S.K.: 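I'd like to ask some things about the structure below.
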Amino acid sequence: MLNNIGIPGLLLIAVVVLVLFGRGKVSSLMGEVGKGITAFKKGVKDGTEEIENDTADAARDVTPKPKKDKA
């Protein structure tokens with residue numbers, strides 16, 4: 001159904017949305033979408049860094065400690 005939509009169809013849909021909702025409403029909606037995408041990217045980055053730090057902490061001390069001789 002949506003396979004045949006081209007540039008003219010997308011432009012027509014954009015014009016209809018602008019007429020129905022107005023420029024201000026569409027602009028604020030796109031701003032909120034942008035903020036959501038930014039927050040999602042930041043969350044993914046923070047999660048990745050946390051996993052990498054936990055992995056690095058676990059792999060940091062792998063050598064056996066020397067035993068002290070009792071003399």
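Only heavy atoms go into these numbers, but all of them, side chains included; no hydrogens, no water, no symmetry mates. Quick caveat: nothing in here was measured; it's all calculated off a predicted structure.
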S.K.: According to side-chain contact (heavy atoms from CB on, under 4.5 Å), who are the partners of Thr48, at least two apart in sequence or on a separate chain?
M.R.: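 Thr48 satisfies side-chain contact (heavy atoms from CB on, under 4.5 Å) with Val44, Glu52 only.
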
S.K.: Holding to side-chain contact (heavy atoms from CB on, under 4.5 Å), I want the full list of residues that pass it with Ile51, two or more places apart in sequence or in another chain.
M.R.: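 side-chain contact (heavy atoms from CB on, under 4.5 Å) check on Ile51 returns Thr55.
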
S.K.: Only pairs under 3.5 Å count here: list side-chain donor-acceptor contacts from residues 16-31, not counting sequence neighbours, and write none if there are none.
M.R.:
{"unit_1": "Ser28", "atom_1": "OG", "unit_2": "Gly24", "atom_2": "O", "d": "3.3"}
{"unit_1": "Ser28", "atom_1": "OG", "unit_2": "Lys25", "atom_2": "O", "d": "2.9"}

S.K.: So, using side-chain contact (heavy atoms from CB on, under 4.5 Å) as the criterion, who are the partners of Glu32 when residues are at least two apart?
M.R.: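 Counting only residues at least two positions away or on another chain, Glu32 forms a side-chain contact (heavy atoms from CB on, under 4.5 Å) with Lys35.
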
